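Down below is the structure, laid out as structure tokens.
Just so you know, these numbers come straight off a predicted model, no measurement behind them. For this chain, numbers begin at 1 and follow the sequence in order.
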Amino acid sequence: MKKTCPLATMPEQYIGLKEMINKQVEVAQPVLTEEQMEQITFTLIEALHTNKQVYLTYYKKGQCITETGFLQFVDSLGNLFIFIDDVFELKNKIRLSELIDVRLA
């Protein structure tokens, strides 16, 4: 016997409902002050030189995401940085403009 969902009886409705739920949980990208941007810059430099683990919070597709990892490379001219994820040990490229907060672990 197949279970049915009363609100989504066709596959198109599943997609539509999922999009509506995702739009409801979207948040606007926070605007950082000059002081916050300076603090982030100093923390990035310290973490890069001492090879300390950091907690990164960044904005992506309407969500604020926090990950733990190690910084590998910061390119201030190209406006991006590369960090290695602590869980899967994957290299991730993120724009500096998407960065919201950086904390040393």
To the nearest 0.5 angstrom, please state how far the CD atom of E34 sits from the CE atom of M37. 3.5 Å
Output every pair passing salt bridge (Lys or Arg N to Asp or Glu O under 4.0 Å) with a member in residues 59-80, not counting sequence neighbours, ordered by first then second residue. none
Could you pull out all residues at least two apart from V27 that satisfy side-chain contact (heavy atoms from CB on, under 4.5 Å)? Y59, C64
Going only through I, L, V, M, F, W and Y residues with side-chain contacts under 4.5 Å, is there a path from F73 to V102? no
Just to verify, what does Q72 make a side-chain contact (heavy atoms from CB on, under 4.5 Å) with, not counting sequence neighbours? I82, I84, K91
Assess the residue pair L48 and F81 against the criterion (side chain to side chain contact (heavy atoms under 4.5 Å, CB included)); give the C-alpha distance rounded to whole Å, side-chain angles, the decisive distance to 0.1 Å, and a yes or no. CA-CA 11 Å; L48 187 63; F81 67 96; over 6 Å; no
Please say yes or no: joined through hydrophobic side-chain contacts below 4.5 Å, possibly via intermediate residues, are L44 and I94 part of one cluster? yes
With rounding to the nearest 0.5 angstrom, report the CG to CZ distance, L56 to F70. 11.5 Å
side-chain contact (heavy atoms from CB on, under 4.5 Å) against T68, all qualifying residues, sequence neighbours excluded: Q53, Y55, D86
Point-to-point distance, once rounded to the nearest 0.5 Å, from CG of L32 to CD of Q29: 8.0 Å
I45: what forms a side-chain contact (heavy atoms from CB on, under 4.5 Å) with it, not counting sequence neighbours? T41, H49
For the hydrophobic clusters of this structure (ILVMFWY residues joined by side-chain heavy atoms under 4.5 Å, transitively), does one cluster hold both L80 and L99? no
So for atom CD, which belongs to E26, do other residues, nucleotides or ligands contribute more than 12 heavy atoms lying within a distance under 6.0 Å? yes
Check for me, please, whether L96 and L71 land in the same ILVMFWY cluster - side-chain distances under 4.5 Å, paths through other members count. yes
Output every pair passing salt bridge (Lys or Arg N to Asp or Glu O under 4.0 Å) with a member in residues 92-105, not counting sequence neighbours, ordered by first then second residue. D101-R103
